[in-house]
Structures are given as structure tokens and as C-alpha cells.
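See structure below.
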Amino acid sequence: MADSAEIMVQKNGGEEENMAAWLLGVNTLRIQPYQLPPLGPHDVKVGIKALGICGSDVHHFKTMRCANFIVKKPMVIGHECAGIIEAVGSEVKNLAPGDRVALEPGISCSRCDLCKNGRYNLCSQMRFFGSPPTNGSLANKVVHPASLCYKLPENVSLEEGAMCEPLSVGVHACRRAQVGPETSVLILGAGPIGLITLLAARAFGAPRVVMTDVDESRLAIAKSLGADELIQVSTEMKDASDEVVKVQTAMGTGIDVTFDCVGYNKTMTTALNATRSGGKVCLIGLALSEMTVPLTPAAAREVDVIGIFRYRNTWPLCLDFLKTGKIDVKPLITHRFKFTQEGVDAAFETSARGGNAIKVMFNL
Amino acid sequence: MLWAKPFTIAASQNWSWTCGSWTWMWACRGVKRPRSIGSVAGRGGRPRGRESGSWCPGLGSGPRIRSSSRPIRRSRLRRPRIHSRRRPVRRVRLGRSRRDFSVTMERRIRSRPHDVRVRMKAVGICGSDVHYLKTLRCAHFVVEEPMVIGHECAGIVEEIGSEVTHLVPGDRVALEPGISCWRCSYCKQGSYNLCPEMKFFATPPVHGSLANQVVHPADLCFKLPEDITLEEGAMCEPLSVGVHACRRANVGPETNVLIMGAGPIGLVALLAARAFGAPRVVIVDVDEFRLSVAKDLGASETVKVSTNEEDVAGEVELIKKAMGESVDITLDCAGFNKTMTTALNATRPGGKVCLVGMGHNEMTVPLTPAAAREVDVVGVFRYKNTWPLCIEFLRSGKIDVKPLITHRFGFSQKEVEDAFETSARGGSAIKVMFNL
């Protein structure tokens with residue numbers, strides 16, 4: 001199929017046809033036309049320029065579902081994005097065509113109790129890019145509320161703008177777990193989420209960060225990104241108690257906050273046992289439906305379990321971290337692909353493979 | 001087992017309550033002294049921590065209060081004082097095997113400058129006490145030496161240490177059981193309930209308070225207002241668990257509360273939640289009688305549930321209907337897989353589940369879906385800084401604990417045994433209280 005960038009169909013008064021990557025079935029993504037809704041007074045039309053692939057996108061791709069979200073009809077994939085404003089609605093004051101923006105994917109209802117209390121990430125009416133049935137943003141253009149588009153500082157690239165989305169998960173987790181200059185942090189899992197959590201924890205001032213993973217190459221990346229100590233662990237449950245001792249020894253002091261960026265029985269068991277009394281375990285990785293963990297001994301030491309669902313009110317902080325250099329996400333972008341059929345297929349295979357692929361980015 | 005024969009009531013008062021006492025007793029009966037006596041055994045062995053003399057008055061480094069004006073004989077000064085002519089003190093301690101305990105005699109306890117000597121008047125039995133009696137352990141605390149039982153107590157001050165200013169003999173006080181070290185970072189930050197050096201009544205190896213008298217730090221003895229009885233004072237201890245849980249879970253005038261389990265702890269949690277202003281409290285249990293008690297104590301609705309895991313989904317629906325609105329906070333006062341599963345599924349996104357009950361070590365629960373709705377799991381361990389608030393709740397009438405005291409016993413061998421059997425039986429027995 002020809003490169004979508006070369007298809008310029010003269011329609012609707014000379015506008016190019018908008019193309020998007022549609023998820024049609026298991027392992028089936030096709031670049032096809034995507035008709036946008038009309039531009040509302042508070043909306044903007046954004047030409048997407050950079051888009052990253054998330055683990056949930058891969059999950060949708062491989063299984064047509066992710067937790068309770070099931071893909072029942074064709075859906076545009078992708079949600080970690082940034083682009084350039086092409087048109088603004090009549091009521092939009094703070095953005096103009098030409099502005100480079102990062103997009104926060106989820107549109108909440110703004111009317112329910114959760115939204116009005118500021119916890120809009122939990123809104124039951126949330127429409128989120130790439131969570132069925134809402135179309136995603138791996139497309140030439142999307143229409144999106146202006147209030148969810150954040151202008152990029154001059155020194156922050158569009159790719160870094162797209163990285164604000166995964167970074168927001170780490171920032172939200174650090175906020176919920178109250179990471180600060182006095183909290184020593186343990187991170188289980190050095191995948192993309194573990195690594196951005198490392199960057200966020202450092203930016204929040206965590207004095208010491210220990211990371212674990214089964215994969216040595218990922219631990220090496222963590223080291224280069226500033227982790228203090230790395231521990232290679234196994235997938236065997238019987239090694240859990242030894243590993244608890246190892247991480248506690250590596251930390252030196254009590255472990256105040258543990259981020260489980262994997263979400264298996266073993267990692268959660270390690271987290272609950274390794275964290276000091278009165279500390280917090282933040283469950284970020286969403287792997288299993290039911291878990292078997294030593295919850296009672298942890299509860300009896302007042303180790304709390306904090307849940308994380310996406311993020312809220314994080315873009316301004318992420319952009320500030322990127323602008324000031326407190327966080328540098330560029331090393332996480334390991335692979336880049338163009339927005340063509342071959343590019344899309346190869347990109348998803350690369351991302352699914354894991355290993356040395358951390359963040360796979362589309363340049364549109 | 002370490003001990004060959006059961007203990008019996010020993011009539012002599014010829015020892016202090018350090019390891020010397022056991023040596024005497026064993027020598028008397030011709031049984032070899034167990035190896036653990038006198039050595040550091042179990043968790044911490046001989047009590048340490050702040051002013052260890054509080055627990056080993058004969059060994060501490062502070063001044064001793066002499067109640068007699070007789071001059072000390074020179075011959076006495078050279079050897080440890082182990083004889084006392086005064087009336088012996090009776091205590092209840094766990095004996096040899098799991099079901100055996102007896103009343104033994106001990107020397108009167110001496111006070112220390114910041115301590116008071118309290119004559120016990122009311123002591124309640126807790127589930128953990130029953131657990132120790134039945135199994136000689138509770139979670140990872142193991143009874144390795146004979147130990148005095150009991151910790152939910154109140155009494156009358158008889159003697160005060162030289163530095164005590166806020167209490168006088170005759171004051172009626174409720175006792176907070178745990179002595180923390182006051183030096184570690186937990187203590188200094190106010191989370192003294194998590195102190196690793198905590199010395200807690202009847203948590204081995206520390207002796208409890210089901211005794212005629214105990215010596216205790218004055219700052220852990222809280223004066224009772226005139227209209228609060230000693231039994232209500234003893235109830236401050238279990239009530240504190242409910243109060244601490246409500247604080248940790250942020251119960252308030254806007255939080256609808258679900259309580260799993262209408263046992264003693266579920267019921268004090270209900271009382272505490274109401275006192276904290278919870279607008280609606282729904283309580284569930286398998287036992288109809290306990291649910292009726294809960295209804296009398298002010299539960300908005302009660303739901304009878306089963307012990308079958310398959311019934312969870314249906315029960316979550318029933319609970320939501322009973323609440324009418326969303327469940328903001330759930331206090332799991334049972335602590336089983338099923339109750340925790342129900343709690344995690346029934347609580348609204350962004351809500352909290354407080355795990356109070358300690359049922360299983362490992363639990364199999366739908367943790368991830370709950371975490372993905374930001375339902376947090378909050379743990380509780382005992383309590384901190386709760387006695388003043390409990391006493392205020394009792395004084396103002398915001399909480400009435402009297403209906404929870406269902407059985408009363410005196411302090412004799414037979415009654416001690418009956419009391420523990422009654423408490424262990426559960427059912428209509430909610431709080432079993434000793435009156436000394």
C-alpha cells in the first residue's frame with residue numbers, strides 16, 4: 001500500500017483526507033481514512049507529529065482487549081501524542097494555529113462527583129484515546145478539547161511532548177505515594193513504566209532509588225538513568241525472601257515507598273515484605289486479575305497499598321520537569337518509525353518484543 | 001514441651017517476679033529447670049527499652065519507694081532481696097500446655113519515678129488473649145515462657161512514683177497497654193504503635209495485666225471522668241482499635257461506611273464510625289444475633305452474608321442496595337479472602353478499604369482491579385493517641401460501650417477458666433469482663 005503521506009485526495013474543499021491506524025482484529029492494524037467530528041467551539045484540530053506506543057496499545061493489538069476494555073468494533077489505536085495546532089474553535093483563547101502542544105488523552109464528563117472533586121481520572125464516563133470504544137490518535141489529525149492540549153516550551157521537542165503521557169503515570173504515582181526528599185524508593189521492574197517512575201521519583205527529590213528486574217540490559221539502562229543500586233531478581237516465588245533481604249541491604253535504610261511496576265504475585269509479595277512499617281506500596285503494574293499476596297502481615301505493619309489509574313493534572317508538571325531538565329526522557333526513545341503500513345506493523349512488533357525496545361515512537 | 005507438669009497455686013511469696021521465681025518453683029517440684037529460663041528467649045527475652053526497671057523492678061536503676069520505715073538489716077544489703085513479708089500479688093499466667101493456666105502468687109510490685117502502681121479492677125478478654133490460650137501464639141508472637149495474660153484494663157491508682165504529677169492515689173484510670181521506646185524514629189514521628197521495641201501487655205514475652213496489681217508508666221494511665229465506670233475504662237482498649245481505624249481511613253461526615261463482621265471489633269468500629277460522623281453505616285455478618293446487636297447499636301442497615309466465595313457478587317449488590325449511595329470506606333473486621341474480596345469490589349473508585357481483622361497470613365484477592373480504581377488498602381496495627389478521644393466519646397455519650405459487655409466473671413481459678421471458655425465460644429458473648 002502506498003505511503004499515506006503521498007495520498008492527497010482532494011475532498012471537502014481541498015483538505016487532505018485524514019488517515020489513521022485502525023485496529024481491525026487480532027494482530028491487524030490498517031491505515032485507513034478517519035473522518036473527524038466537526039470542530040466544536042472549545043476544541044482544536046491538531047496535526048499529530050509524534051506518537052508513542054504503550055503496553056496497553058500492544059495488548060489491544062495482540063488480544064483485542066485490555067482488562068475490562070474490549071474492542072468490539074474497529075478502533076483507531078494510540079494515545080501518547082503531541083502535534084501542531086491547525087485550527088481552533090471559536091471560544092478557544094489560549095492556543096493558536098501553529099502552536100506545538102502535548103495532548104492529554106482522556107475527556108471526562110466534568111459533571112460527576114469524582115470530576116468535581118478533582119479525581120477526574122476515575123470518571124465513569126471517561127472517553128480515552130485508544131480505550132474502546134473511543135478512537136485513538138495514531139492519525140494525521142485529531143479533534144480534541146483545547147483544555148487538554150498543553151503548549152510545549154521552546155526547548156521541548158514534539159517527541160518529548162508525546163512522552164508526557166507515560167511520564168504522567170510516574171508523576172501521578174509519586175504524588176499518590178507522596179515521594180519527597182525523605183522517601184527512599186524501591187522500584188520493581190525496569191520496563192518503560194519502571195524507568196519513567198525512576199525519573200519521576202528523582203525529580204520529586206527521592207534521595208535513594210533501588211531498582212530490580214529480571215533483565216540485565218534493562219538494569220543497565222536504569223543505572224544510566226540514575227538508579228543508585230540495581231538488583232537482578234528471578235521469577236521464582238521461592239527466591240522472594242532472599243530478594244527482600246537483598247533490596248533492604250541495597251537500600252541501607254528502611255524502604256519508604258515501593259512501586260510495583262510489574263504487578264505479579266511475586267513482585268507484590270516482595271513489595272509488601274520489603275517496605276518498612278508505615279510505608280506505602282504503590283501498585284502500578286496491572287497484570288493479574290486476582291493476586292495471592294501476604295496482605296495481612298503488611299496491613300498489620302500499616303503498609304498501605306495505593307492504587308494508580310492513569311493520572312490527573314500532570315501535564316503542566318511534566319512539561320516543567322522537561323523544560324528545566326530535571327527529567328530527560330530522550331534516552332527512553334529507542335526506536336522510531338514512519339506512519340506507513342510497514343512502519344506501523346514493524347513498530348508494533350518491535351514494541352511487543354520488549355528487550356532493548358523501551359519506547360517506540362512514530363514520527364508523522 | 002518445655003514443662004513437665006502443670007503449675008499449681010503456690011502459697012509462698014519468696015521471690016520477685018524475675019527469673020528467680022521460676023528457679024524456685026522448679027526446684028520445689030524437683031523438675032529440671034527449662035533451658036529457656038534466664039536466657040534471651042523468643043522476641044527480645046528479658047524486657048529492654050525505656051527504664052527497664054518498669055518491668056524488672058528489682059533490677060532497675062531508679063529509686064525504690066520504701067513503704068516501710070524499718071531499717072534495712074546489714075545482712076540484707078549484701079544479697080538480693082527476695083523475701084517480702086507483705087501480702088502476695090496474684091496473677092494469672094499461661095502455664096504448660098495450651099489449655100492450662102493457673103493463679104500464682106508473686107511479690108508486690110514496686111513503683112518507679114514516672115510509674116504508678118494500679119490495682120486492677122476491670123479487665124476484658126480480647127480475641128488475641130483467647131488465641132494465646134488456645135494455641136500459645138498469635139501471628140508471629142509465640143509464648144515461650146509462662147506469661148501473664150490480659151491487656152484491656154482499668155483500675156485505681158494506689159501508689160505514684162516521685163515524678164508523677166497528674167495522678168494521685170485513688171484516681172480511677174484506664175490503661176493504654178503498650179510501652180514504646182520513645183527514642184526511635186517511629187516514636188519521634190508519632191507512630192509509636194509501630195515501635196520495634198514495643199512492650200505490650202500480654203504480647204510475649206511481656207506480661208499482661210490480668211492481675212491484682214500492675215506497675216505502669218503514668219503517661220499511659222488516663223484518668224476517668226466521674227461518670228465513666230471502670231468497665232467502660234477497660235473498654236477503651238478495643239474501642240481504640242475502632243477509633244484508630246476510622247482515623248486512618250478518614251471516616252467523617254461525608255463518608256458512607258461498610259463494616260465486614262459484627263463481632264466485638266466490628267461493633268466498636270460501628271460505634272467509632274458513628275462518633276466520627278459517618279452518615280450511613282452498613283454492617284454485614286453471618287450471624288443473625290450479632291446483626292441484631294449491630295442494629296441496636298445504630299447500624300443503618302444490616303446484611304446477612306454467607307461464607308461461600310461464590311456468593312460475593314450477589315452480596316456486593318445487596319450491600320450497595322442497602323447503602324443506597326456509594327460505599328466510601330470499608331472496614332474489614334474479619335480479614336478473610338471473601339470479606340476482603342467483597343470489600344474491594346464494593347468500595348467506590350477512589351475509596352478506601354481498611355484491613356482491621358487478621359484472618360489469614362496470605363490472601364487471594366482481586367487486588368489489581370481495585371488498584372486500577374484507586375481503591376486503597378489501609379492497614380491498622382493497634383492504635384496511637386486514642387485514649388483521650390475514647391474517654392471524651394464515653395463522657396459525652398457519643399459512644400455507649402456498655403451493651404457490648406455481655407458476661408462478667410470474678411478473679412478466681414474457676415472463673416478465669418469459665419471466662420475464657422465463654423469468650424472463645426463467641427455467639428452471644430461479645431465482651432467478657434473480669435471484675436477484680
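Numbered from 1 within each chain, the chains take letters A, B, ... in sequence-line order. Computed from a predicted model, the values in this text were never measured in an experiment.
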- Look only at the side chain of Tyr186(B) and the backbone of Gly278(A), and say whether a donor-acceptor pair between them is shorter than 3.5 Å. no
- Query: Where the side chain of Asp376(B) meets the backbone of Gly307(A), is there a donor-acceptor pair that is under 3.5 Å apart?
  - Reply: yes
Closest-packed option against chain A by number of heavy-atom pairs under 4.5 Å, given [options]:
options: Cys354(B), Gly350(B), Gly359(B), Gly357(B); result: Gly350(B)
options: Gln189(B), Met363(B), Glu362(B), Arg382(B); result: Met363(B)
options: Val365(B), Asn193(B), Leu355(B); result: Val365(B)

- Query: Is the shortest heavy-atom distance from the side chain of Thr364(B) to the side chain of Glu290(A) under 4.5 Å?
  - Reply: yes
- So, are Glu374(B) and Arg312(A) salt-bridged, with charged N and O less than 4.0 Å apart? yes
- Note on the structure: Filtered by a 4.5 Å non-hydrogen cutoff, the part of residues 366-373 of chain B contacting chain A is Pro366(B), Leu367(B), Thr368(B), Pro369(B), Ala371(B), Ala372(B), Arg373(B)
- chain A contact residues among residues 326-349 of chain B, heavy-atom distance under 4.5 Å: Met340(B), Arg348(B), Pro349(B)
- Flag if over 12 foreign heavy atoms under 6.0 Å of OH, Tyr264(A): no
- Close contacts, residues 170-194 of chain A versus chain B, judged by heavy atoms under 4.5 Å: His172(A), Arg176(A)
- Message: Quick check on the structure: residues of residues 108-121 of chain A within a heavy-atom distance below 4.5 Å of chain B, by number.
- Response: Leu114(A), Arg119(A), Asn121(A)
